[in-house]
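Shown next, in structure tokens, is the structure this report addresses.
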Amino acid sequence: MNFADLETLYNQPLFDLLKQARAVHEDHWSDKSVQLCTLLSIKTGGCSEDCSYCAQSARYDTPVGAERLMEREAVMERATAAKRSGSTRFCMGAAWRGVRAGTSRFEDVLGIVRDVASLDMEVCVTLGELGPEEARQLREAGVTAYNHNIDTSPEHYPEIVTTHSFDDRLRTIRHVQDAGMSVCCGGILGLGETVADRLRMLEVISEFNPAPESIPINSLMPMPGTPLADADPVRPLDLVRMIAVTRLAVPKARVRLSAGRTLLSDETQALCFFAGANSIFYGDKLLTADNPAIARDLSLLEDLGLEAKAPDRSQQPPEPAAGRPRSPAPQH
Ligand code: SAM
Ligand code: DTB
Ligand code: SF4
């Protein structure tokens, strides 16, 4: 969807926007399911990159220290516990710029993926930059979706990260699509961007062909020691509007109400679900930051009459739309 259309949708009176988003949501998502995804940081801290929101960058003095890649057995324990708690998707994150085929750390990650895939959960990983070969091997090992966020608009990106480019991010996304994995791609609100930046980010994501399978909308969790430690909080109704416009722009994607839920009231979360969110991170921790407690989330879903979704391990990403070029296709 182009920027002008996104802007028109966004700037409507809130109830008009919500009404439209709800109608599109109900057309495409007839059930009341919410996808429950559990995150685990399998390699924490010490990252070479300078993403100014991230507690795991080695360039900032944050409370998060550098750790080694977790052992297979320890990851399996956490994945099994997540499954027992009702989660259907296990998302493993690593604080790396990227991975390279043939290295021992990549082989270790493939081993972890094979183990987790045997649990009949959806397996998502977010390991940074990938080439075509790494993408192929991850899919073969059993990854169902790869998370790689563009985080903000192409214009605002260089203000937030200087050690890699927006086009680097798009290239990785293209490799993931070409390997036949689902793409999970979204961003963060609260990085000092304008509403226009938020909509530009959504313009880029909504033009992916094939469309992303899921779109995480994170609110910045300000991390002590990072350049964005004192950033202004995201206004709850701005988040609701953004969720609604995301639902309208990519009707078939799971829209994930992501980082920052600890800072939201139940009522704001309810509005986000009404506006089209149908996925959350579930479990007491995100990667390094806190997430609402499991019992609290289960009681919120029950209060709202929503249900946990069943897993889909089919490894069938969305089909590309015919008559449109595959995208993203980075220029540089
Ligand atoms: N290193 C890999 C990468 O950058 O793609 C994977 C891990 S990275 C931590 C994954 C995503 O977490 C980022 O793209 C960003 O969207 C999100 N994230 C990181 N720190 C955050 C924060 N403080 N608040 C909200 N979201 C955050
Ligand atoms: C995504 O969009 N959000 C998740 C996941 N993908 C990897 C990460 C949120 C991280 C929040 C800050 C932290 O835990 O350090
Ligand atoms: Fe590293 Fe990812 Fe954090 Fe950037 S967001 S510093 S690449 S872990």
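Heavy atoms only: backbone and side chains are in, while hydrogens, waters and symmetry mates are out. Here, residue 1 is the first one in the sequence, and each next residue gets the next number. As the structure lists them, so they are numbered: ligands from 1, and atoms in each ligand from 1.
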Would you mind writing out a table of all protein N or O atoms found under 3.5 Å from any N or O atom of ligand 1, naming both atoms and giving the distance to 0.1 Å?
residue, atom, partner, partner atom, Å
ligand 1, 1 (N), Ala94, O, 3.2
ligand 1, 1 (N), Trp96, O, 3.2
ligand 1, 5 (O), Arg169, NH1, 3.4
ligand 1, 5 (O), Arg169, NH2, 3.0
ligand 1, 14 (O), Asp151, OD1, 3.4
ligand 1, 14 (O), Asp151, OD2, 3.0
ligand 1, 16 (O), Asn149, ND2, 2.9
ligand 1, 16 (O), Asp151, OD1, 2.6
ligand 1, 23 (N), Tyr53, O, 3.1
ligand 1, 23 (N), Met221, O, 2.9
ligand 1, 24 (N), Met221, N, 3.0

Please check if atom [atom1] in [X] has more than 12 non-hydrogen atoms from other residues, nucleotides or ligands closer than 6.0 Å.
| X | atom1 | value |
| --- | --- | --- |
| Arg235 | CZ | no |
| Glu26 | CD | yes |
| Glu155 | CD | yes |

Can you list the protein N, O or S atoms less than 2.8 Å from atom 4 (Fe) of ligand 3?
Cys51 SG
Protein contact of atom 5 (S) of ligand 3 - nearest heavy atom, named by residue and atom, plus distance:
Tyr53 OH, 3.5 Å
Please say yes or no: joined through hydrophobic side-chain contacts below 4.5 Å, possibly via intermediate residues, are Leu189 and Leu220 part of one cluster?
yes
Check whether Leu39 and Ile112 end up in the same hydrophobic cluster, where Ile, Leu, Val, Met, Phe, Trp and Tyr are linked by side-chain heavy atoms less than 4.5 Å apart.
no
Heavy-atom closest contact (Thr126 atom, Tyr146 atom, distance):
C-OH, 4.1 Å
Least distance between heavy atoms, Ala95 atom then Gln56 atom
CB-OE1, 3.3 Å
Distance below 4.0 Å between atom 2 (Fe) of ligand 3 and any protein heavy atom?
no
Any salt bridge linking Glu67 with Lys43? Criterion: basic side-chain nitrogen under 4.0 Å from a carboxylate oxygen.
no
In short, salt bridge (charged side-chain N to carboxylate O under 4.0 Å, His left out) pairs touching residues 1-19 with sequence neighbours left out are none
Once you round to the nearest 0.5 Å, how far does CG of Leu138 lie from OG1 of Thr144?
11.0 Å
We want to know whether Ser279 and Arg256 form a side-chain donor-acceptor pair, criterion being a heavy-atom distance below 3.5 angstrom.
yes
I want to check something: taking the side chain as every heavy atom from C-beta on, are Arg169 and Tyr157 in contact at a cut-off of under 4.5 Å?
yes
Exercise answer, ligand 2 polar atom pairs (N/O) under 3.5 angstrom:
residue, atom, partner, partner atom, Å
ligand 2, 2 (O), Asn149, ND2, 2.8
ligand 2, 2 (O), Asn218, ND2, 2.8
ligand 2, 3 (N), Asn218, OD1, 2.9
ligand 2, 6 (N), Asn147, OD1, 3.2
ligand 2, 14 (O), Leu287, N, 2.9
ligand 2, 14 (O), Thr288, N, 2.7
ligand 2, 14 (O), Ala289, N, 2.9
ligand 2, 15 (O), Thr288, N, 3.3
ligand 2, 15 (O), Thr288, OG1, 2.6

